[in-house]
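First up is the structure itself, then whatever we jot down about it.
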Number of protein chains: 2
Amino acid sequence: MQEAAEFKLQGRATINDIARIAKVSKKTVSRVINDSPLVKQRTREVVKAIIAELGYTPDPQARALALRRSFLVGLVYDSPSPQYVVNMQRGILDALEDTDFQLVLRPVSRTDANYPGRLRQFIQHHKPFGLILPPSVSEDEELSQMFRDHDVDYVRIASGMLDAPARMILTHDGEGAAQAARHLCALGHTDIAHIHGPESFRCAHERRSGFQRGLAEAGVTLHPELTVEAGYTFDSGLLAMERLLYGKRRPTAVFAGNDEMATGVYVAVRKAGLRIPEDVSIVGFDDTPIAGRLWPALTTVRLPIREMGHAAARLLLDQAAGIEREEVTSFTPEIIVRESTAAPLR
Amino acid sequence: MQEAAEFKLQGRATINDIARIAKVSKKTVSRVINDSPLVKQRTREVVKAIIAELGYTPDPQARALALRRSFLVGLVYDSPSPQYVVNMQRGILDALEDTDFQLVLRPVSRTDANYPGRLRQFIQHHKPFGLILPPSVSEDEELSQMFRDHDVDYVRIASGMLDAPARMILTHDGEGAAQAARHLCALGHTDIAHIHGPESFRCAHERRSGFQRGLAEAGVTLHPELTVEAGYTFDSGLLAMERLLYGKRRPTAVFAGNDEMATGVYVAVRKAGLRIPEDVSIVGFDDTPIAGRLWPALTTVRLPIREMGHAAARLLLDQAAGIEREEVTSFTPEIIVRESTAAPLR
DNA sequence: CTGAAAGCGCTTACAG
DNA sequence: CTGAAAGCGCTTACAG
């Protein structure tokens with residue numbers, strides 16, 4: 001059996017097969033697999049050649065058991081926008097392709113008081129390799145503390161510097177919002193409204209203050225009665241816009257805190273019998289696929305969500321490889337002018 | 001140490017802790033965990049009580065190694081519609097919640113000739129508990145054969161009876177398409193176009209033939225020049241509609257094979273300066289979230305995608321539990337009449 | 001109905 | 001630079 005296996009392997013090869021054929025110990029094979037420097041160059045080459053020849057790949061379950069750490073990367077999200085989630089998934093999968101890591105989905109509800117408890121159970125039980133946290137999950141300090149306590153790697157995607165550079169993907173949401181403001185002011189708008197996301201999302205604040213800053217540069221002020229809070233969802237955007245349309249001063253332009261809400265704004269404007277952009281100009285945020293599918297196509301602030309997901313996963317792989325990282329990875333959004341904005345009719 | 005652990009466990013409890021405290025062997029604890037009938041009632045109760053008290057849960061990595069099978073459920077998809085994918089994920093996650101199973105994402109490209117090879121590598125390597133296959137991946141016979149050869153459970157979601165009932169979620173796409181036809185005919189349309197999905201998708205055939213059948217009932221025929229193929233994507237839907245609008249006979253109503261393409265149809269109609277539904281009535285298929293976000297809201301054939309995902313995951317859990325299933329699980333779509341359809345102006 | 005031993009395929013101190 | 005032994009936390013025949 002021992003000898004026969006050298007020629008014909010039943011099933012997949014194991015570390016023992018490699019060791020036997022290479023005439024070294026399993027330990028040495030293990031060292032080669034794990035890129036330990038403590039292996040003689042010649043030995044390493046021989047082992048690698050045999051690994052390649054047999055198409056051997058170490059069993060992830062066995063490694064997980066021995067390392068007390070699985071090869072799962074969890075995406076923990078509570079995003080109300082499905083488009084955001086899909087794009088992020090794509091980016092992460094791009095980075096994880098051809099690695100041993102698998103992406104697992106962990107949607108959570110921050111309104112569920114026990115959501116950190118459920119997550120703790122998940123990490124204790126499945127010992128994920130790492131976690132990726134988009135907003136607003138990324139903004140929960142207690143959660144990150146818990147991950148550190150349990151020694152699990154994570155990357156936070158947020159619009160503020162909440163953590164060490166190696167654990168952060170920083171997005172300059174404020175700058176993107178300021179661009180939206182400059183665009184609308186340049187067109188000549190002065191009665192400008194802003195529908196922002198929920199107070200519980202930090203990026204909602206960033207976008208609002210960036211927008212205000214941009215307006216201020218042009219000498220325009222954001223009136224409180226033209227500033228309304230919504231929930232980053234289609235329905236809440238629609239409702240918020242209806243409130244604005246029937247308020248005492250009707251805006252000629254609206255900046256919605258994300259594309260989902262902007263989509264709701266479209267419907268409210270249409271239902272009121274008004275035209276886009278002639279009667280109302282609309283700007284969104286994110287540039288999710290829906291932006292280009294609307295008619296007229298939505299002018300929006302593009303956040304490269306897929307690339308952000310890719311970068312977050314890369315960061316996790318770097319942490320594992322022990323690569324130190326001093327500079328923070330950051331993304332600055334950029335306005336994409338389409339057809340939903342024009343000069344006001346006056 | 002041995003004794004101390006009885007009172008204070010460092011880290012999480014293991015099967016050894018349970019066995020020691022219950023004064024039985026690990027094997028007996030293992031039997032209780034795996035619901036073996038070969039345990040005396042009294043013993044089972046004692047062990048279960050201790051498991052509950054310590055909040056013990058068996059380590060998935062260790063079980064995976066011993067069972068040669070992991071606790072991952074893979075979603076293998078090539079759907080061009082992101083909304084479809086998100087809904088399906090939600091349904092699967094609903095069913096997997098509070099189980100040990102994790103959902104992993106395996107997007108594939110059927111145009112990549114080596115895609116079965118990549119999947120084989122995944123199943124050999126990660127030994128997933130089971131796979132869920134929505135269209136069009138579900139329609140690949142060779143793939144299913146490979147899964148059977150490798151002894152991995154799977155569930156196919158398709159519009160035809162391609163497999164054993166225990167491995168199928170059947171959708172009656174043809175019936176849904178027939179409803180769309182009846183709806184348009186009842187409104188008085190006779191010049192009706194159909195933009196169908198790619199020939200490589202079985203459901204595209206089903207929808208087309210069901211639509212034709214529905215039209216035939218009302219004595220309406222589907223003219224070849226009003227039948228065009230597209231790719232189930234927004235862009236392809238837009239292009240297809242433009243071809244129809246500038247063809248020799250302009251339809252008063254269009255049935256698009258999915259909502260994504262219907263969204264493209266909206267834009268083509270708008271760009272041509274025509275109104276919805278006055279000049280052109282539009283019907284979609286799927287009832288993804290975008291249907292309700294369009295203006296006017298899209299009349300579409302609702303396929304309960306989330307529920308289908310849930311049912312597929314349930315089927316997988318049933319297979320694992322050894323539950324035999326004779327009847328097939330099936331879903332019949334239903335038309336949701338919204339605002340994008342009306343009588344032709346004539 | 002129950003248990004002692006061996007094994008799943010890796011890695012981790014510990015020696016040398 | 002390399003190896004023999006023990007261990008990660010489970011399950012699987014095999015006995016009794």
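A, B, ... follow the sequence lines: proteins, then strands. Residue 1 opens every chain.
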Watson-Crick or G-U counterpart of D:dA4, or none if no pair lies under 3.5 Å:
none
Rounded to the nearest Å, what distance is computed from the CD atom of residue A:Q61 to the C1' atom of nucleotide C:dC10?
11 Å
Nearest of D:dG3, C:dG3, D:dG9 to any side-chain atom of B:A66?
D:dG9
Both B:V24 and A:T57 contact DNA chain C. Taking the nearest nucleotide for each, which residue is further toward the 5' end?
B:V24
Would you please confirm or rule out a distance under 4.0 Å between OP1 or OP2 of C:dG3 and any side-chain N or O of B:T28?
yes
Could you tell me how far apart B:R20 (CZ) and C:dT2 (P) are, to the nearest whole angstrom?
19 Å
Mind checking A:K40 for me? I need base, sugar-phosphate or nothing, with any heavy atom below 4.0 Å counting as a touch.
sugar-phosphate
Quick note, A:D59 side chain, CB onward, closest among C:dC10, C:dT2, C:dG3 is C:dC10
Please work out whether the ring planes of A:F101 and A:F129 are parallel, tilted or perpendicular, with thresholds of 30° and 60°.
tilted
Distance check needed: C:dT2 C1' versus B:R44 CZ, whole Å only.
13 Å
Given D:dG3, C:dC10, D:dA13, which nucleotide is nearest the side-chain atoms of A:P58?
C:dC10
When you get a sec, tell me which of C:dC10, D:dA4, D:dC10 is the closest nucleotide to the side chain of A:R63?
C:dC10
Any strand is fair game: report the nucleotide pairing with C:dA13 by Watson-Crick or G-U wobble, both distances under 3.5 Å, or none.
none
Flag this pair as yes if the NZ/CZ of A:R63 is under 6.0 angstrom from the six-membered ring centre of A:F71 and inside a 45 degree cone about the axis; otherwise no.
no
Given B:H125, B:Q124, B:Q121, the one that forms side chain to side chain donor-acceptor pair (under 3.5 Å) with A:T57
B:H125
Picking from C:dT11, C:dT12, C:dG9, which would you name as closest to the side chain of A:T14?
C:dG9
Does A:S30 place a side-chain N or O at less than 4.0 Å from the phosphate oxygens OP1/OP2 of C:dC10?
no
Within this structure, what is the CD-to-P distance between B:Q124 and C:dG9, rounded to whole angstrom?
14 Å
Nucleotide of C:dC1, D:dC14, C:dC10 approaching B:R31 most closely (side-chain heavy atoms)
D:dC14
Show your working on side chain to side chain donor-acceptor pair (under 3.5 Å) between B:D163 and B:S144 and close with a plain yes or no.
CA-CA 9 Å; B:D163 216 309; B:S144 298; 4.7 Å; no
Quick one: on DNA chain C, does B:T43 or A:N16 contact a more 5' nucleotide (nearest heavy atom)?
B:T43
Just checking B:N34: base, sugar-phosphate only, or nothing, at a heavy-atom cut-off of under 4.0 Å?
sugar-phosphate
Which whole-number value in Å describes the distance from A:R68 CZ to D:dG9 C1'?
10 Å
Check the distance between D:dC1's P and A:E45's CD and give it to me in whole angstrom.
13 Å
Would one find more than 12 heavy atoms of other residues, nucleotides or ligands at under 6.0 Å from atom CD of A:E141?
yes
Reading DNA chain D from 5' onward, which residue's closest nucleotide shows up sooner: B:K27 or B:L65?
B:L65
Take the protein atom NZ of A:K127 and the nucleotide atom P of D:dC10, then report the distance between them rounded to whole Å.
8 Å
Of the candidates C:dG9, D:dT11, C:dT11, the side chain of B:K26 sits closest to D:dT11
Please check: side-chain N/O of B:R156 versus main-chain N/O of B:S138, any donor-acceptor pairing under 3.5 Å?
yes
Contact class for A:L67 vs. all strands (heavy atom < 4.0 Å): base, sugar-phosphate, or nothing?
sugar-phosphate
Just how far, in rounded Å, is C1' of D:dC10 from CD1 of B:I18?
13 Å
